[in-house]
Amino acid sequence: MSGEQGKKVISAIKGTKDILPSEVRLWQIAEATAREIFELYGYRELRAPVIEPTELFERGTGASSDIVTKEMYTFTDKGGRSITLRPEYTPSVVRAIIEHRLDLQPQPLRFYYIGPMFRYDRPQKGRYRQFHQIDIEVFGEKDPAIDAEILEMAHRLLSSLGVTGVFTLVNSVGCKKCRPAYGQKLREAALAVKEQLCPDCQRKSELNPLRIFDCKVESCRALAAGFPRITDFLCEECREHFKKFREYLDLYGISYRVEPTLVRGLDYYTKTAFEIVTEEAGAQNAICGGGRYDDMVREFGGPDLCGIGFAMGVERLLSVARIKVPERSFVYFAYLGEEAKKESLKLARNLRSEGIECLVEFKERKMKDHFSRANKLGAEWVLIVGEDELRKGKFQLKDMTKARQFEGSLIELASIIKGKKILETG
RNA sequence: GUGAGUGUAGCUCAAGGGUUAGAGCACCGGACUGUGGAUCCGGUGGUUGGGGGUUCGAAUCCCCUCACUCACCCCA
């Protein structure tokens, strides 16, 4: 042992972090709320692996997308396969549908999932290399009512978690019938002013002119303002879909803004695209993004099954959520002596069977120290087990929040604890 | 991948070339005789992110590097 090795502290990988117990309650509540709401709309959880064949994302997410070209965690496994830690969830669901012939089940199919995604990006506020998404997908429903319904569901989740100050942006990016014609017009417009665009946009004007709308350079924005708008080029079907979609949004009372320049970064979107943004989250202000992808399943060699979905970033969501964490309620055992310690262990065992959280610490303490300790740990109850109590078979129970004290048998005290719990949680 | 800012105890911060780097909070122990939050006393804890340089002397000045933070890019 050189001694030098022991000094080196190992820390979490850049862009990843531990979620410690003090914070994890927020995650649990957010996740439980999401599950509850999604199930309410008929969604069921579908859990896919964290690792997938690299090809899944190259074909699904899009070979020209930034995610695939520079942000994937890709490695070769011992069998020589190219494996990728999923950067998003949609392709995995599509794969699962085709693999298990889920399209033969009654449609539409509604799935949800909550879990980690991985992108090799430079971390900043609201952006991490391992981050978490709440994801929902619907397959086999063409009706624009579903487009509005998933947005309504997203808003229900947000308001349940106390998120305020959000705004919804919607757009239609057309379909394979009308988008190429528009793309051509846009490219022409972009190339006409190419010299005046920033270097990045010059590149985009060839590759994917839609993305020029995302540019934040002022001169590019000014030029892009004069470019043709997708909404003026939609085919009959897309225009009708977009119109109905907005009608249903109005029906749900969801306020939104049509943003003809809204471009989802993934290549597969068709028709509806949307984003929910917040004012108070820094530069990464999109907490939810999604859209329709009617061609993806077929392009993977599956049935002709349309799809739509959204993803919410859990870290971003929690950064703007106002979640009330209920106080934990537990019984601290203040015992005196070995005999009382043993009795406490038995009592705790029985109370736990009643669903009551108990903490028996094994260190001998004086009564005052027990209370001091109970207070520090935030115990709601202190159960006193001393000589008198052992003799009588009745125990003292102190309510630490109200400074009341009861005497009774274990059963009597258990019902006091449970009675208060019911009173407080309703 | 590019740019800027910041790195001193678990946390928040002092010390800005000159003894052995300090404080508050937290943690541990003690005083307080079977009833908590207070108070008082004491203690643990740092190669000042790491490496190199300048200097008689570096937490302090210079260079490199790493990490964190924010922004660009992209996106949840």
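Letters A, B, ... are given to chains in the order of the sequence lines, protein chains preceding strands, and every chain is numbered from 1.
- When the C1' atom is used for both C56(B) and C13(B), the distance is 32 Å, rounded to whole Å.
- For Arg129(A) (side chain) and Thr16(A) (main-chain N/O), no donor-acceptor pair under 3.5 Å exists by modelled atom type.
- When the side-chain nitrogen and oxygen atoms of Lys366(A) are compared with OP1 and OP2 of G36(B), none of them lie within a distance under 4.0 Å.
- Under 3.5 Å, the side chain of Arg127(A) and the base of C70(B) form no donor-acceptor pair of N or O atoms.
- The closest donor-acceptor contact from the side chain of Tyr43(A) to the backbone of Arg35(A) lies at 3.5 Å or more, if one exists at all.
- In this entry the base of G16(B) is syn relative to its sugar, with a glycosidic angle within 90° of 0.
- Remark: Lys185(A) is not positioned above the aromatic ring of Phe233(A), lacking an NZ or CZ atom under 6.0 angstrom from the ring centre and at most 45 degrees off the axis.
- Nucleotide U47(B) forms a pair with no other nucleotide shown, judged by Watson-Crick or G-U wobble geometry with both contacts under 3.5 Å.
- Summarising the geometry, the separation between CG on Asp121(A) and P on C73(B) is reported as 12 Å, rounded to the nearest angstrom.
- Taking atom C1' on both nucleotides, C27(B) is separated from C68(B) by 25 Å, rounded to a whole Å.
- Across all strands shown, G29(B) forms a Watson-Crick or G-U wobble pair with C41(B), both key distances being under 3.5 Å.
- With hydrogens and angles ignored, no donor-acceptor pair closer than 3.5 Å exists between the side chain of Gln396(A) and the base of U35(B).
- Note on Ala374(A): nothing from the nucleic acid sits closer than 4.0 angstrom, heavy atoms only.
- Contact check for Gln396(A) versus Glu389(A): side-chain heavy atoms found under the 4.5 Å cut-off.
- The only member of Lys420(A), Arg328(A), Lys421(A) that meets side chain to side chain donor-acceptor pair (under 3.5 Å) when paired with Glu380(A) is Lys420(A).
- No hydrogens or angles were tested; on distance alone, nothing pairs the side chain of Lys368(A) with the base of U35(B) as donor and acceptor under 3.5 Å.
- Take the nearest nucleotide of RNA chain B for Glu387(A) and for Tyr120(A): the residue whose nucleotide is more 5' is Tyr120(A).
- Taking atom P in both C64(B) and G57(B), one finds a spacing of 23 Å when rounded to whole Å.
- Between the P atoms of A58(B) and U2(B), the separation comes to 34 Å (whole Å).
- At the heavy-atom level, Glu275(A) lies nowhere under 4.0 Å from the strands shown.
- Applying the Watson-Crick and G-U wobble criteria (two distances, each under 3.5 Å), U6(B) pairs with A67(B).
- Listed pair Arg129(A) / C75(B) fails the phosphate criterion, with no side-chain N or O lying under 4.0 Å from OP1 or OP2.
- Among the atoms of the strands shown, base atoms are found under 4.0 Å from some heavy atom of Asp388(A).
- Atom CZ in Phe131(A) sits roughly 12 Å away from atom P in C75(B) (whole-Å rounding).
- Between the CG atom of Asp399(A) and the C1' atom of G36(B) there is a distance of 13 Å, given to the nearest Å.
- Annotation: of the two residues near RNA chain B, Ile67(A) and Gly15(A), the 5′-most nearest-nucleotide partner is Gly15(A).
- Nearest to the side-chain atoms of Ile384(A) among the listed nucleotides C74(B), G36(B), G34(B) stands G34(B).
- Nucleic acid contact for Gly282(A): sugar-phosphate only, since backbone atoms but no base atoms lie under 4.0 Å from a heavy atom of the residue.
- Checking C73(B), G34(B), C28(B) against the side-chain heavy atoms of Met367(A) singles out G34(B) as nearest.
- Base engagement by Arg122(A) is indicated by at least one non-hydrogen atom pair under 4.0 Å involving a base atom.
- Judged by distance alone, the side chains of Thr270(A) and Arg179(A) never bring a donor and an acceptor atom under 3.5 Å apart.
- At the heavy-atom level, Ala403(A) lies under 4.0 Å from base atoms of the strands shown.
- Base engagement by Tyr128(A) is indicated by at least one non-hydrogen atom pair under 4.0 Å involving a base atom.
- Nucleotides A26(B) and U20(B) are separated by 25 Å at their C1' atoms, to the nearest Å.
- Rounded to whole Å, the distance from CZ on Arg119(A) to C1' on C74(B) is 9 Å.
- With a cut-off of 3.5 Å on both pairing distances, the Watson-Crick or G-U wobble partner of A23(B) is U12(B).
- Nucleotide A76(B) forms no Watson-Crick or G-U wobble pair with any nucleotide shown, as no partner meets the under 3.5 Å limit on both distances.
- Residue Glu88(A) is out of contact with every strand shown, counting any heavy-atom pair closer than 4.0 Å.
- Glu364(A) has its CD atom 14 Å from the C1' atom of G34(B), to the nearest Å.
- For the pair Asn285(A) CG and C72(B) C1', the interatomic distance rounds to 15 Å; values are reported in whole Å.
- Separation of the C1' atoms belonging to G36(B) and G45(B) is 28 Å when rounded to the nearest angstrom.
- Taking a cutoff of 4.0 Å between a charged side-chain nitrogen and a carboxylate oxygen, Arg59(A) and Glu299(A) do not qualify as a salt bridge.
- The partner of G36(B) cannot be assigned: no Watson-Crick or G-U wobble pair with both contacts below 3.5 Å exists in any strand.
- A 3.5 Å limit on both hydrogen-bonding distances identifies no Watson-Crick or G-U partner for G17(B).
- For A76(B), neither phosphate oxygen OP1 nor OP2 lies less than 4.0 angstrom from any side-chain nitrogen or oxygen of Gln284(A).
- For Asn375(A), taking side-chain heavy atoms from C-beta onward, the closest of the listed nucleotides G37(B), C74(B), U35(B) is G37(B).
- Nucleic acid contact for Leu317(A): none, since no nucleic acid atom lies under 4.0 Å from a heavy atom of the residue.
- Cation-pi geometry between Arg246(A) and Phe242(A) is met: under 6.0 angstrom from the ring centre, within 45 degrees of the axis.
- As judged by a 4.0 angstrom heavy-atom cut-off over every strand, Gly289(A) is placed among residues touching the sugar-phosphate backbone only.
- Distance, Glu339(A) CD to G34(B) P: 19 Å, rounded to whole Å.
- Atom CD of Glu380(A) is separated from atom P of U35(B) by 22 Å (rounded to the nearest Å).
- A close approach under 4.0 Å does occur between a side-chain nitrogen or oxygen of Lys14(A) and OP1 or OP2 of C68(B).
- When each of Tyr113(A), Tyr89(A), Trp27(A) is checked for a ring-ring contact (aromatic ring centres under 6.0 Å, His included) with His132(A), only Trp27(A) meets the rule.
- Side chain Glu71(A) to base G1(B): no donor-acceptor pair is found below 3.5 Å.
- Contact check for Leu377(A) versus Phe330(A): side-chain heavy atoms found under the 4.5 Å cut-off.
- Across C61(B) and G17(B), the matching P atoms stand 7 Å from one another, rounded to whole Å.
- Nearest nucleotide to the side chain of Asp66(A), out of G36(B), G34(B), C74(B): C74(B).
- Side chain of Ala283(A), nearest nucleotide from C72(B), C28(B), C75(B): C72(B).
- Side-chain N/O atoms of Lys376(A) include one lying less than 4.0 angstrom from OP1 or OP2 on C28(B).
- As rounded to the nearest Å, G52(B) and U12(B) have P atoms that lie 29 Å from one another.
- Across all strands shown, U55(B) remains unpaired; no Watson-Crick or G-U wobble contact has both distances below 3.5 Å.
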